[in-house]
Participant: 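Okay, handing you the structure first.
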Amino acid sequence: TRTLVLDDVTKQFDTGTVALEDVTLQVAAGEFVSVVGPSGCGKSTLLRLASGLDDVTAGGIEVNAHSTSYVFQEPTLLEWRSALRNVEIVGELRGRGKADRRRAAREALDLVGLTGFEKQHPRQLSGGMRMRVSIARALVAEPDLALFDEPFGALDEITRLHLQTELQRLFALKQFAGLFITHSVSEAVYLSTRVIVMSGRPGRVVADIPVPWSYPRP
Ligand code: ADP
Ligand code: ADP
């Protein structure tokens with residue numbers, strides 16, 4: 001299955017800025033693809049198109065996913081809600097019963113190592129832990145496609161290393177298709193099965209490189 005297909009996509013904003021030109025790429029089911037490139041080459045625009053938050057100007061886009069999750073650099077957590085209730089919100093929005101959605105939220109928090117922190121509010125948690133809550137909220141949606149917009153860019157190096165290892169484990173476990181934006185070539189190579197390099201203004205795909213030494217998937 002091709003979870004995400006962009007075919008010759010061009011994106012021009014109302015301001016006249018052309019952010020993407022002739023971008024063609026695919027993400028297959030179970031594939032974790034990174035996109036690296038300098039600021040302004042259209043990486044975030046690419047993710048917004050993939051998520052359906054924005055429309056292409058020309059070209060084709062196809063998203064074959066029942067559910068898509070988005071993880072931002074700044075975790076968009078609700079400050080007045082506990083970690084558990086931040087994750088539970090996904091079940092609430094889907095109209096699931098309280099016991100059911102609470103169990104799912106606890107499981108997701110456990111997967112990211114936050115058992116024992118369910119009742120803490122975001123401001124009581126470290127940056128790494130807030131990112132973990134954000135990832136748990138993405139996972140609890142059981143996404144077929146997960147989109148990451150430079151999620152670890154603002155974290156200190158040690159926390160980032162922990163989260164990278166964590167995400168790799170979660171990806172192997174859940175096998176969602178992933179599209180991961182980063183400035184870091186080493187992060188891209190470490191995490192993904194394929195690295196797409198973008199460059200220029202408007203942004204174009206200048207390389208699409210399989211990572212042959214990525215970890216075997218179960
Ligand atoms: P990156 O994520 O690689 O830094 P972006 O996708 O954020 O790049 O931006 C690509 C280009 O599109 C930039 O020139 C940026 O200024 C422009 N851009 C992004 N979003 C908008 C918008 N909503 N309206 C107008 N221009 C935008
Ligand atoms: P990482 O996310 O890289 O594992 P963190 O800096 O987020 O590192 O946290 C390291 C550990 O410190 C956590 O696993 C937790 O046990 C503890 N910790 C961090 N912040 C808090 C906090 N606000 N309250 C209690 N324990 C905390």
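Starting from 1, each residue takes its place in the sequence as its number. Atoms within a ligand are numbered from 1 in the order they appear, just like the ligands themselves. None of the values given here were measured: they were computed from a predicted structure.
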Participant: Is a donor on one side and an acceptor on the other found under 3.5 Å between the side chain of Ser192 and the backbone of Val195?
Facilitator: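 No: the side chain of Ser192 does not pair with the backbone of Val195.
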Participant: If you look at every heavy atom in Leu111 and Glu166, which pair is closest and at what distance?
Facilitator: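 Here Leu111 and Glu166 meet closest at O-OE2, 3.3 Å.
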Participant: Excluding sequence neighbours, so at least two apart, what forms ring pair (Phe, Tyr, Trp, His ring centres under 6.0 Å) with Phe176?
Facilitator: Phe171
Participant: Less than 4.0 angstrom from a charged side-chain N to a carboxylate O is my criterion; do Glu92 and Arg81 meet it?
Facilitator: yes
Participant: Applying salt bridge (charged side-chain N to carboxylate O under 4.0 Å, His left out), which residue pairs with at least one partner in residues 15-44 are found, sequence neighbours left out?
Facilitator: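 Listed once each, the pairs are Glu21-Arg204, Asp22-Arg204, Glu31-Arg194.
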Participant: Around ligand 1, what residues show up once you keep those with a heavy atom under 4.0 Å from it?
Facilitator: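 Residues within 4.0 Å of ligand 1: Phe13, Thr15, Thr17, Ala19, Pro38, Ser39, Gly40, Cys41, Gly42, Lys43, Ser44, Thr45, Arg201.
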Participant: Does any pair with a residue in residues 49-68 pass salt bridge (charged side-chain N to carboxylate O under 4.0 Å, His left out), and if so which ones, sequence neighbours excluded?
Facilitator: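 For residues 49-68: Lys11-Asp54.
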